[in-house]
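So the structure is just underneath, and the comments pick up after that.
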Amino acid sequence: MDERPNPEQLLKQVQAEEADPNRGKLKLFFGANAGVGKTYAMLEAARQRKKDGVDVIIGVVETHGRSETAALLEGLEILPKKDIVYKNVNLKEFDIDAALARKPTLILVDELAHTNAPGSRHDKRWQDIEELLDAGINVYTTLNVQHWESLNDVVAQVTGVVVRETVPDSFLQRTHDLELIDISPEDLLKRLREGKVYMGEQAEKAAQNFFKPENLTALRELTVRHAAERLADEGISRVRERLLVSVTGSPMSPRLVRATARLASSLKAEWLAVNVETPHSVQQAAEDKDRLLRTFKLAEQLGGETITLSGQKVVPEILSFARSRNVTKIILGKPARARWREWLFGSVVNDMARQGGDIDLYIINGEGRDFSRRRVAEIKEGLPWKDIGIAAAVMALCTLINWPLSHYFDRVNLVMTYLLGILWTAYRLGRYPAIVASFIGVLAFDFFFVPPTMTFAVTDTQYLFTFIVMLTVGLSISTLAGRLSQQTESLQRRVRRTRLLYQFSRMLSETPDPDSLIQKAWKHLTEFYQLPILIFLPQHNKELQVVAGDSTAFGVTHESMGAVEWVMLRNEAAGTGTDTLASLGALYLPLKGLQEPVGVLAIKPPDTNFFQDPEQFQLLETLAGEFGGALESTQMSEAAGRSQAEIETQRLRNLLLTSLSYDLRDPLRRLSRRVHELLDPSSPLTDKSREALMKEIKDESDRLEKMSGDLLTVIDTEIANPPAEKS
């Protein structure tokens, strides 16, 4: 099949590029390793653009002591770096505010994957570049293949080194031009020996580890292949597939996400990362929950959509959702459990293969036995020892209750007391304490009540069957009751969020006044989250001010106001839970209108992990979005009402003035005629007739004064109370 783009596709591409002429263009100088010449090539290209008359400046360029690279800086304007003090150490970082104020046509920002010093606006340099691009500034930058997020696992397999500084694929997809900078491994090793890559001990250490010939060859092949794929598909969208990857709190989930992102990129497909919240997973360890949140965040950075589902079993929920979203391929991790566990508890992979129908199934290699051993260790460390102790105490209490009852009831009936204790333990404490309680209950029943008592020996073998049934029923009760408790907790949490959304939406729809809307929304959010919340809105002077909430208790600072202004300008979230100004200790969300934000919502969580939960964050974003839309609607309605009132007032004024001029025309004419008669020296007027004329003039003047006064009173009343306000 011919995959070449046709003229219609190319035309659409050009039209898409021209649709946003104010957006900056990103050019990426891409290589396999440090020392291949990316920065040198970038500077040469910049000098050529300078000769062509383009306004070029240097934002950040790292020469690493290379004289030939430093020589290319001559004649180019260099932007001074910003001083940031961290732990009494003065650090130099790229000054994004100075770059935005200078606003050149082209700026060079080296080392795209660099991590900024704490206290910077953004955590990563690629976020700085993203803001420059949105401001309409073209950017040249450099990147090594090991920093490409979706290739991180592949590079780690090749080199044995896990690179921590990575750039998400979702940002790299915005690259307008990619230039491959490549030299052979032999030439690169020669440059390393000559001190043109690293200096001194650093060069020797690099030659012994990362810069091994086999590593360089493999990385070069990966770089060339990936660059070729990107260049072949650049700008042409051919979405034919939709992928779904199942993720959990497992350490292998990030690997699955990266593999899915690579596959989706090669297929030009949309993809989703889905986690199924089952009764078993609700009580997973805190470390697993944190890992799941990080996996979701990674998936979003790589361009995927994240979804959390709820259900009894994983496979039916995933397949039902996959069919509703027209998913064509599902990616799962290779099973790492022992075979006997699969036989006993079932296998997600096997069930998915049997029930998947026409959906393709991809199995990605997992962690193997090391993962299984680590998982067992995590379970042991995560056991709720306090609850297990309570479970043991409950079984001891059941034994004390059974002791006097044993004189009146048959021994088998005493089992019911233990089962009630197991049921309570499962419902209140969870599955693992209830399992422990089941075993303790069987042992206690045997030791205290089955002859010979005070020993674990059994003379009547029929009691062995009783023990087996008692243990089986206890384990079943513990599983079912624990599952019911977890489902109840999950359902209560979802019902609470749904109720908030319903009440919040209803309140927004029933409040037409902007001031009342702001206060009611602030009250609803404060009551739900029980956290300090502020609402910022631009006032008449366009300055953002707090219109709801206690700014003193919240702790508003100069840095906080800077974050509010940035959120208002960029229409993006900042603060805790984001990668922008994360150290401020509060989350700032834009109140989004149809085209631009109408204000900012600030909330101060008790800790930095409060909004790491995707559902929690998405809920707050939804509330802020609904609030922003409703606020914009009421403001527009109020503005439309004021405009209509002004139109009505002006129309009424014109009508009254027209009426006034019409009603005054005849009296003024008569008054003028009488005045002329009175002042005409040739007019034969006697004293009596003159007195009559003056009296008539006075009466007409009084009548005109009264008429004009009444009309002006009506005009003033209508202006003060226009029809729109009276209604």
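The residues of the chain are indexed from 1 along the displayed sequence. Just the heavy atoms: all of them, side chains too, but no hydrogens, waters or symmetry mates, feed the values below.
How far CG of Leu73 is from CZ of Arg47: 8.5 Å, rounded to the nearest 0.5 Å. The CD1 atom of Ile183 lies 10.5 Å from the NZ atom of Lys190; values are rounded to the nearest 0.5 Å. Summarising the geometry, atom OG belonging to Ser253 is positioned 12.0 Å from atom CD1 belonging to Ile364; distances are rounded to the nearest 0.5 Å. Note: Asp169 CG to Thr175 OG1 = 10.0 Å, rounded to the nearest 0.5 Å.
Looking only at side-chain heavy atoms (C-beta outward), Val257 and Pro254 stay at 4.5 Å or farther from each other. You'll find the side chain of Thr576 stays beyond 4.5 Å of the side chain of Leu584, heavy atoms only. Side-chain contact between Thr217 and Glu221: present, with at least one pair of heavy atoms (C-beta onward) separated by less than 4.5 Å. Looking at Thr580 and Gln127, their side chains come closer than 4.5 Å, going by heavy atoms from C-beta outward. No side-chain heavy atom of Val274 sits under 4.5 Å from any side-chain heavy atom of Val247. The side-chain heavy atoms of Trp566 and Glu572, taken from C-beta on, include a pair separated by under 4.5 Å. Leu581 places none of its side-chain heavy atoms less than 4.5 Å from the side chain of Glu559.
At least one donor-acceptor pair closer than 3.5 Å links the side chain of Ser184 to the backbone N or O of Asp187. No donor-acceptor pair under 3.5 Å is formed between the side chain of His176 and the backbone N or O of Leu26.
For the residue pair Glu241 and Thr328, a side-chain donor N or O sits within less than 3.5 Å of a side-chain acceptor on the partner. Side-chain polar atoms of Thr308 and Glu277 form no donor-acceptor pair below 3.5 angstrom. A donor-acceptor contact closer than 3.5 angstrom is absent between the side chains of Asn152 and Thr166. Arg66 and Tyr40 share no donor-acceptor pair across their side chains, judged by distance under 3.5 Å alone.
A salt bridge links Asp153 with Arg258: at least one charged nitrogen is closer than 4.0 Å to a carboxylate oxygen. A salt bridge links Arg220 and Asp182; the closest N-O separation between the charged side-chain nitrogens and carboxylate oxygens is under 4.0 Å. With respect to Asp55 and Arg102, a salt bridge is recorded, a charged nitrogen being found less than 4.0 Å from a carboxylate O. A salt bridge does not link Arg121 to Asp128: none of the charged side-chain nitrogens sits closer than 4.0 Å to a carboxylate oxygen. Electrostatic pairing of Asp134 and Arg570 counts as a salt bridge here, judged by a charged N lying under 4.0 Å from a carboxylate O. For Arg242 and Glu305, the salt-bridge test fails: no basic side-chain N is under 4.0 Å from an acidic carboxylate O.
Screening Arg125, Lys124, Lys82 for a salt bridge (charged side-chain N to carboxylate O under 4.0 Å, His left out) involving Glu93 leaves a single residue, Arg125.
With ring centers used as reference points, Phe30 lies under 6.0 Å from Trp148.
For the pair Lys38 and Phe29, the cation-pi criterion (under 6.0 Å, within 45° of the ring axis) is not fulfilled.
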